[in-house]
Amino acid sequence: MSYFNYNYALMRKMPKSFEKEAIRMDETQEVDFVKARQQLDNYKDALTKLGLEVIDLDADEEYPDCIFVEDPAIVIGKKALVTRLGHVNRRGETGPIKEVLQNKLQLDITEMKDEYATVDGGDVLFTGKEILVGLSARTNEKGVKTIAETFPEFPVSGIPVHPTVLHLKSIATMLGDGVMAVGGSSAAKEMFQAVKNKSKFNYKYVELERDPSANVLYINGKVVHKTQPELGDNDYKKLLSNISGDRIEVCMDEMYKVDGCLSCCSILINS
């Protein structure tokens with residue numbers, strides 16, 4: 001069984017509050033709301049072209065970051081962990097997501113109850129064999145423990161996240177079965193070394209120059225990645241040389257202004 005075969009994707013529409021109020025590490029960049037919304041629509045179209053049924057939840061103006069649905073829940077197989085998000089202002093985002101996962105998709109739901117445990121799904125990298133969890137400003141050791149208790153069938157390892165990086169998946173994602181794309185900044189290299197040291201399995205690593213280049217989606221044997229202008233010529237060529245199946249390019253440069261990426265905007269599900 002491949003855990004990278006999916007038939008559903010869960011997304012959420014973009015609230016107008018996203019433009020000015022979405023949480024960001026760099027507050028100097030202004031978001032073009034019209035462009036950002038179009039990019040999210042293009043992303044949805046890409047998932048549909050890959051054969052996924054996209055469940056698109058309504059926006060919630062109270063939660064500017066609600067489009068980043070990856071963070072409130074972790075889904076592996078038929079199980080889902082509804083997280084206690086690391087940023088207190090985002091904790092109200094989980095309700096509608098839990099409802100869909102539980103009632104529409106009939107997944108086995110676990111909710112994080114420990115008031116001291118935190119997890120953002122962007123820190124959780126499932127390789128198909130094990131779970132690597134970034135220890136970041138948003139995800140702590142108690143959160144890692146909860147993940148290990150929820151998914152006992154997989155080894156779980158904590159990976160220290162550099163203070164300049166938001167999430168583990170900001171610099172590493174799966175590019176294929178047993179293939180991991182990783183970023184090239186000094187922070188990413190430090191984290192990458194921890195990944196290699198703590199992983200219980202061997203992987204082929206595709207090392208790229210830019211950290212954002214390493215955030216891709218591997219879905220049903222195909223890859224969704226960013227456009228050539230976003231990647232740069234070197235990373236674009238290297239990615240293409242390491243993709244064996246079909247691929248789709250999606251521009252997400254407005255999302256990166258608020259620390260978003262490809263993996264942030266959907267929960268991928270096989271139900």
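Quick caveat: nothing in here was measured; it's all calculated off a predicted structure.
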Just by modelled atom types, is the [Y] backbone N or O under 3.5 Å from a matching donor or acceptor in the [X] side chain?
X      : Y      : answer
Asn42  : Cys251 : no
Asp32  : Val34  : yes
Ser170 : His167 : yes
Arg84  : Ala117 : yes
Ser266 : Leu268 : no
Thr139 : Asp120 : yes
Asp235 : Arg210 : yes
Lys222 : Ile248 : no
Asn270 : Gly77  : no
Glu61  : Ser17  : yes

Taking all non-hydrogen atoms of both residues, which atom of [X] and which atom of [Y] are closest, and how far apart?
X      : Y      : value
Arg90  : Phe68  : NH2-O, 3.1 Å
Met191 : Ile159 : O-CG2, 3.9 Å
Ile97  : Ala73  : CG2-CB, 4.0 Å
Leu262 : Asn215 : N-OD1, 2.9 Å
Met112 : Thr146 : CG-CG2, 3.8 Å
Phe151 : Ile76  : CE2-CB, 3.8 Å

Could you check whether atom [atom1] of [X] has more than 12 heavy atoms from other residues, nucleotides or ligands sitting under 6.0 Å from it?
X      : atom1 : answer
Asn197 : CG    : yes
Glu30  : CD    : no
Phe201 : CZ    : yes
Lys78  : NZ    : yes
Lys142 : NZ    : no

Are [X] and [Y] joined in one hydrophobic group, where the rule is that I, L, V, M, F, W and Y side chains link up if heavy atoms are under 4.5 Å apart?
X      : Y      : result
Leu132 : Val216 : yes
Leu125 : Ile267 : no
Val69  : Ile74  : no
Val82  : Phe126 : no
Tyr6   : Tyr43  : yes

Non-neighbouring partners of Glu149 that pass salt bridge (charged side-chain N to carboxylate O under 4.0 Å, His left out), sequence neighbours left out: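 Listed in chain order: Lys145.
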All salt bridge (charged side-chain N to carboxylate O under 4.0 Å, His left out) counterparts of Asp41, not counting sequence neighbours: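 Counting only residues at least two positions away or on another chain, Asp41 forms no salt bridge (charged side-chain N to carboxylate O under 4.0 Å, His left out).
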Under 3.5 Å, which donor-acceptor pairs link side chains of residues 99-111 to any protein atom two or more places apart or in another chain?
from, atom 1, to, atom 2, distance (Å)
Gln106, NE2, Asn103, O, 2.7
Glu111, OE2, Lys98, NZ, 2.7

For the side chain to side chain contact (heavy atoms under 4.5 Å, CB included) test, which of Val133, Thr83, Leu85 pairs with Val119?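 Result for side chain to side chain contact (heavy atoms under 4.5 Å, CB included) with Val119: Thr83.
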Quickly, which of Val223, Thr173, Leu47 forms a side chain to side chain contact (heavy atoms under 4.5 Å, CB included) with Leu217? Name it, please.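 Only one option passes, and that is Leu47.
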When you look at Lys79 and Glu153, which way does the salt bridge (charged side-chain N to carboxylate O under 4.0 Å, His left out) test go after all the steps? CA-CA 11 Å; Lys79 293 182 182 179; Glu153 62 270 43; 3.1 Å; yes
Nearest-0.5 Å distance, [atom1] of residue [X] to [atom2] of residue [Y]:
X      : Y      : atom1 : atom2 : answer
Glu254 : Met14  : CD    : CE    : 9.0 Å
Gln38  : Asp45  : CD    : CG    : 8.0 Å
Arg24  : Asp65  : CZ    : CG    : 8.5 Å
Arg12  : Leu10  : CZ    : CG    : 9.0 Å
Met174 : Tyr203 : CE    : OH    : 6.0 Å
Lys198 : Gln193 : NZ    : CD    : 12.0 Å

Relative to Phe33, does Lys16 satisfy both conditions: NZ or CZ under 6.0 angstrom from the six-membered ring centre, and within 45 degrees of the ring's axis?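 Flagged: Lys16 positioned over aromatic ring of Phe33.
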Geometric cation-pi criterion Lys196 and Phe192, 6.0 Å radius, 45° cone: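 Ring-cation test returns yes.
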Tell me whether [X] is salt-bridged to [Y], with the criterion being a basic N under 4.0 Å from an acidic carboxylate O.
X      : Y      : result
Asp56  : Lys13  : yes
Glu207 : Lys189 : no
Arg91  : Glu93  : no
Arg138 : Asp123 : no

Will you find, in the side chains of Asn7 and Glu53, an N or O donor that is under 3.5 Å from an N or O acceptor?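 No donor-acceptor contact under 3.5 Å links the two side chains.
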In terms of side-chain heavy atoms, does Asn89 have a donor or acceptor partner in Tyr63 at a distance below 3.5 Å?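 No - no donor-acceptor pair under 3.5 Å links their side chains.
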side-chain hydrogen bond (donor to acceptor under 3.5 Å, both in side chains), that's the test. Do Glu230 and Thr227 meet it? Break it down for me. CA-CA 5 Å; Glu230 294 172 281; Thr227 60; 2.8 Å; yes
Note, Leu52 side chain near Tyr8 side chain (heavy atom, < 4.5 Å):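 Result no, sub-4.5 Å side-chain heavy-atom pair not found.
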Residue pair Ser157, Lys200: steps toward the side-chain hydrogen bond (donor to acceptor under 3.5 Å, both in side chains) verdict: CA-CA 9 Å; Ser157 300; Lys200 305 298 189 295; 2.9 Å; yes
